[in-house]
Amino acid sequence: MDAMDYDVVVIGGGAAGLTGGMVLARSRRRVLVVDGGEPRNAPADHLHGFLSRDGMSPAELYSVGRDEVARYGGEIVGNRVQGVERGAERGFVVRTADGRELTTRSVLMATGLRDELPDIPGLRERWGHDVLHCPYCHGYEARDLPLGVVGGENRPFTVHQAQLVRQWSSDVVFFPNRIVLDDEERERLAARGVRIVAGDVVGVLADDNGVWGVELADGEVVPRAVVFVGPRFVPQDGLLKGLGCELGENGWVSVDPSGRTSVPGVWAAGNVVDNPAQLLTAAGAGTTAAIALNHYLLAEDVEQAVVEHRSNRP
């Protein structure tokens with residue numbers, strides 16, 4: 001069997017990718033992590049809910065993670081992957097932006113997703129600071145403040161979000177912003193003490209101290225200190241689709257509980273296949289995928305060893 005550069009190429013250096021890379025390196029696999037350097041949570045100042053790492057900055061988490069992968073012999077390169085193709089006979093060829101062609105027996109995709117925000121001035125500028133989407137990540141830090149929830153394209157998420165953030169503050173205003181609420185939804189929000197303010201949102205207002213208000217098309221400004229919004233979650237799954245991975249009914253790439261795709265030798269973990277996954281969940285998915293990948297490679301190793309053993313018989 002011809003030698004390949006790596007046993008596994010991990011594409012994406014976030015929580016899922018780095019954790020998977022570390023587990024595989026500790027399994028004494030030849031591992032390369034290719035990291036494009038744009039993690040989803042880069043705008044945030046701190047991460048929360050990650051046991052023993054609560055309050056750490058995302059940049060520090062990834063820096064520590066890269067050191068841990070390298071400690072066990074894994075390689076890390078800062079680069080973008082332009083394409084992944086099946087090898088002529090086996091494995092895969094990974095093509096990077098700088099022209100490298102890497103051969104690997106298997107691939108772990110951890111390329112994450114992109115948050116598409118409503119086109120409202122001020123949202124993107126304060127994203128990850130006091131414009132948020134996940135109360136489990138940042139709700140405690142916004143506790144008891146005047147909170148706003150702004151409607152977007154992701155209707156089910158947003159309406160649920162308006163109910164959810166009420167757990168962290170008694171002062172919540174929901175701006176449907178082109179979402180038409182039915183009578184039952186209005187009643188349920190009112191029962192929880194969530195105030196509904198109609199009208200198109202035309203801006204989230206902020207100064208050097210952060211967000212201070214939400215502006216409506218009629219000129220009204222509703223004072224708020226933190227704004228929650230439901231993005232449209234867009235998986236960065238072009239490489240997976242290019243390999244022909246099957247999609248589920250929701251249009252996302254399908255994986256089994258271990259992260260295995262329909263293409264033999266290709267696993268996926270984290271937000272690229274699981275939009276609700278938080279850092280800790282993504283890291284766990286990376287571990288699960290890495291163990292499954294190691295078992296996949298082990299089965300190949302055993303078969304190859306048997307072939308060689310038989311060929312060496314007198």
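A quick note: this is a predicted structure, and the numbers were derived from the prediction, not measured.
When the shell of 6.0 Å around CG of Asp183 is examined, it contains 12 or fewer heavy atoms from other residues, nucleotides or ligands. Summarising the local packing, CD of Glu153 is surrounded by 12 or fewer heavy atoms from other residues, nucleotides or ligands at distances under 6.0 Å. For Arg66, the CZ atom sits in a packed shell: over 12 heavy atoms of surrounding residues, nucleotides or ligands are nearer than 6.0 Å. The neighbour count for Glu246 CD, taken as heavy atoms of other residues, nucleotides or ligands under 6.0 Å away, does not exceed 12. Atom CZ of Arg192 has more than 12 neighbouring heavy atoms from other residues, nucleotides or ligands inside a 6.0 Å radius. The environment of CZ in Arg188 is sparse: at most 12 heavy-atom neighbours from other residues, nucleotides or ligands sit within 6.0 Å. Counted within 6.0 Å of CD on Glu187, heavy atoms from surrounding residues, nucleotides or ligands total 12 or fewer; the atom is thus considered open. Heavy-atom contacts from other residues, nucleotides or ligands closer than 6.0 Å to CG of Asp119 number 12 or fewer.
The list of ring-ring contact (aromatic ring centres under 6.0 Å, His included) pairs with a residue in residues 181-209, not counting sequence neighbours, is empty. The stretch residues 272-307 participates, sequence neighbours left out, in these ring-ring contact (aromatic ring centres under 6.0 Å, His included) pairs: Trp267-Tyr296. Residues in residues 158-196 take part in these ring-ring contact (aromatic ring centres under 6.0 Å, His included) pairs, two or more places apart or across chains: Tyr136-Trp168.
Cation-pi geometry between Arg26 and Tyr72 is satisfied (NZ or CZ under 6.0 Å from the ring centre, within 45° of the ring normal). Seen from the ring of Tyr140, Arg143 counts as a face-on cation partner, given the 6.0 Å and 45° thresholds.
Side chains of Asp67 and Tyr62: no donor on one and acceptor on the other come within 3.5 Å. Between the side chains of His133 and Asp115, no donor N or O sits under 3.5 Å from an acceptor N or O. Between the side chains of Glu300 and Gln304, no donor-acceptor pair of N or O atoms lies under 3.5 Å.
Taken from CZ in Arg310 to CZ in Arg313, the straight-line distance is 6.0 Å, to the nearest 0.5 Å. Atom-to-atom distance recorded for Met56:CE and Asp45:CG is 14.5 Å, nearest 0.5 angstrom.
Looking only at side-chain heavy atoms (C-beta outward), Arg71 and Met22 stay at 4.5 Å or farther from each other. At a threshold of 4.5 Å between non-hydrogen side-chain atoms, the residues Val77 and Leu32 count as touching.
Electrostatic pairing of Asp5 and Arg100 does not count as a salt bridge here, judged by no charged N lying under 4.0 Å from a carboxylate O. The residues Glu38 and Arg114 are annotated as not salt-bridged, no charged nitrogen and carboxylate oxygen being separated by less than 4.0 angstrom.
Hydrophobic cluster membership is shared by Val194 and Leu147, with clusters built from Ile, Leu, Val, Met, Phe, Trp and Tyr side chains linked at under 4.5 angstrom. Leu132 and Leu280 fall into different hydrophobic clusters, where Ile, Leu, Val, Met, Phe, Trp and Tyr are joined by side-chain heavy atoms under 4.5 Å apart, directly or via other members. If you chain together hydrophobic residues whose side chains sit under 4.5 Å apart, Ile291 and Val9 never meet in one group.
Judged as a salt bridge (charged side-chain N to carboxylate O under 4.0 Å, His left out), and not counting sequence neighbours, Glu220 has no contacts. With sequence neighbours excluded, the residues that form a salt bridge (charged side-chain N to carboxylate O under 4.0 Å, His left out) with Asp171 are Arg224.
When all heavy atoms are compared, the tightest approach of Ile120 to Val202 is CG2-C, 4.0 Å. Nearest heavy-atom pair across Cys245 and Val253 is CB-CG1, 3.9 Å.
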Can you list the steps and then say if Val93 with Leu102 is a side-chain contact (heavy atoms from CB on, under 4.5 Å)? CA-CA 5 Å; Val93 178; Leu102 311 167; over 6 Å; no
Test side-chain contact (heavy atoms from CB on, under 4.5 Å) on Val201 and Glu215; report intermediate values, then the result. CA-CA 6 Å; Val201 174; Glu215 183 179 8; over 6 Å; no
Begin from the C-alpha positions of Arg29 and Arg105 and carry the test side-chain contact (heavy atoms from CB on, under 4.5 Å) through to its verdict. CA-CA 11 Å; Arg29 294 296 182 185; Arg105 295 170 63 188; 3.8 Å; yes
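The residue from Val173, Leu205, Val211 that alone fulfils the side-chain contact (heavy atoms from CB on, under 4.5 Å) condition with Val227 is Val211.
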Please table the atom pairs, donor to acceptor, closer than 3.5 Å between any side-chain atom in residues 228-243 and protein atoms at least two apart or in another chain.
from, atom 1, to, atom 2, distance (Å)
Arg232, NE, Glu116, OE1, 3.3
Arg232, NH2, Glu116, OE1, 2.6
Gln236, NE2, Thr111, O, 2.7

